Amino acid sequence: MSEDKLAHQFKILCQITRAQHFAWRAAVVDLCPDIDAARVVDRMWELTGEQTGASYAKRLDGSKPLAQQVAASIVWSSDCMGEDAVVEIGEGADEAFVRHDDCPWFHWHKRLGLLAEDRPGCDLWFQTTTEQINKRLGTKLKVETLKALPDGDNCCLRRFWVEEDQP
């Protein structure tokens, strides 16, 4: 099979995966009309973050800057899902940024009228992933969202850094 055909099939598979997420959400709404669907979606992103953080923690090298490694892991995952993401190295020895210039999840949320769920889900995923890494490694990695496509910004930009111990 040609590389072009594989790349095309992979893009379609990524779209199928996102379609399944939104079909799952619609099923929850249909079968549980009294439930707060956004809470269910948030819980899904929290569980995903727990799994992601546990997976990342196994692959991190304690002799290298943590924030940069985590940012690189997120960008790798994002690239695998067809997102447009890059790592930007911060000023400090252990500061990095993840910038998404475009994201298919954003477009799906917008098209389906669910934009209010986009940033909270991502923020929860990033926060829970970070908390899980800290829990497993005993570190003080932090994350904050500086810009977000759903907020009207030109990208999503998240800062990762390791909090220094205060004297």
Side-chain angles (χ1 to χ4, degrees), residues 10-29 35-60 66-90 94-137 139-163:
F10 182 73
K11 286 180 183 178
I12 291 171
L13 178 60
C14 286
Q15 291 293 67
I16 290 169
T17 301
R18 280 183 277 279
Q20 286 178 320
H21 166 79
F22 290 103
W24 162 85
R25 185 197 182 284
V28 168
V29 170
I35 200 162
D36 180 352
R39 262 187 78 215
V40 176
V41 170
D42 284 349
R43 180 64 178 140
M44 185 278 305
W45 285 118
E46 184 178 41
L47 292 170
T48 302
E50 289 173 5
Q51 295 167 2
T52 303
S55 176
Y56 288 177
K58 292 177 189 176
R59 292 168 178 80
L60 298 172
L66 180 63
Q68 294 176 21
Q69 290 182 81
V70 172
S73 296
I74 290 167
V75 166
W76 182 84
S77 295
S78 294
D79 286 345
C80 287
M81 292 183 285
E83 300 167 12
D84 182 5
V86 295
V87 174
E88 296 176 351
I89 303 303
D94 209 354
E95 177 185 54
F97 298 85
V98 173
R99 189 182 80 236
H100 287 83
D101 289 320
D102 198 13
C103 179
W105 288 100
F106 165 70
H107 297 291
W108 275 81
H109 281 101
K110 186 175 180 181
R111 185 174 70 244
L112 296 174
L114 298 170
L115 201 52
E117 291 180 11
D118 188 55
R119 178 178 171 177
C122 287
D123 284 349
L124 189 54
W125 178 81
F126 281 105
Q127 188 62 47
T128 307
T129 296
T130 300
E131 289 169 1
Q132 189 63 220
I133 290 168
N134 287 335
K135 177 180 173 185
R136 291 177 176 265
L137 301 181
T139 53
K140 294 182 180 180
L141 181 68
K142 302 290 182 183
V143 61
E144 68 177 328
T145 299
L146 302 173
K147 294 182 178 183
L149 290 165
D151 294 348
D153 294 317
N154 64 341
C155 68
C156 289
L157 184 65
R158 289 179 173 86
R159 174 183 176 238
F160 292 84
W161 75 99
V162 175
E163 187 174 78

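Every heavy atom of this structure was used, including side-chain atoms; hydrogens, water molecules and symmetry mates were not. Just so it is clear, the model here is predicted, and its values are computed rather than measured.
- Of all non-hydrogen atoms in M81 and P104, the two that sit nearest each other are O-CG, 4.4 Å.
- When all heavy atoms of C14 and G82 are compared, the closest pair comes out as SG-N, 4.3 Å.
- Taken to the nearest 0.5 Å, the CG atom of D102 stands 11.0 Å off from the CG atom of N154.
- Proximity of D123 to R158: side-chain heavy atoms (C-beta onward) are separated by under 4.5 Å at one or more points.
- Remark: the backbone N or O of Q51 is not paired with any side-chain donor or acceptor of S55 at under 3.5 angstrom.
- Considering every non-hydrogen atom in both C156 and L149, the closest pair reads SG-N, 3.3 Å.
- For residues 70-80, every residue pair satisfying the side chain to side chain donor-acceptor pair (under 3.5 Å) rule, not counting sequence neighbours, is listed here: Y56-S77, S78-E83, S78-H100.
- W105 has its ring centre less than 6.0 Å from the ring centre of H21.
- The CG atom of L47 sits 11.0 Å away from atom CG of D42, with the distance rounded to the nearest 0.5 Å.
- Minimum heavy-atom separation, T128 to E46: CG2-O, 3.2 Å.
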request  = Please report the C-alpha distance between T139 and V162 in whole Å, then the side-chain angles of each, then the deciding distance to 0.1 Å, and finally whether the side-chain contact (heavy atoms from CB on, under 4.5 Å) criterion is met.
outcome  = CA-CA 8 Å; T139 53; V162 175; 5.7 Å; no
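- Between R25 and V41, the shortest heavy-atom contact is CG-CG2, 3.9 Å.
- Here NE2 of H107 is found 10.5 Å from CG of L115. Values are rounded to the nearest 0.5 Å.
- Open room surrounds CZ on R39; 12 or fewer heavy atoms of other groups in view lie less than 6.0 Å from it.
- For E131, the side chain to side chain donor-acceptor pair (under 3.5 Å) partners two or more places apart in sequence, or in a different chain, are Q127.
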Worked check of side-chain contact (heavy atoms from CB on, under 4.5 Å) between L124 and R43 = CA-CA 9 Å; L124 189 54; R43 180 64 178 140; over 6 Å; no
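- Put simply, CG on L114 and NE2 on H109 are 6.0 Å apart, with the number rounded to the nearest 0.5 Å.
- In this structure, CG on L146 lies 11.5 Å from CG on D151, to the nearest 0.5 angstrom.
- The OG1 atom of T52 lies 9.0 Å from the CD1 atom of I74; values are rounded to the nearest 0.5 Å.
- Counted by atom type alone, E144 and W161 present zero donor-acceptor pairs between their side chains at under 3.5 Å.
- The shortest heavy-atom contact between D153 and K147 is OD2-CA, 3.2 Å.
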inquiry  = Evaluate T48 against M44 for side-chain contact (heavy atoms from CB on, under 4.5 Å), listing each step before the verdict.
reply    = CA-CA 6 Å; T48 302; M44 185 278 305; 3.4 Å; yes
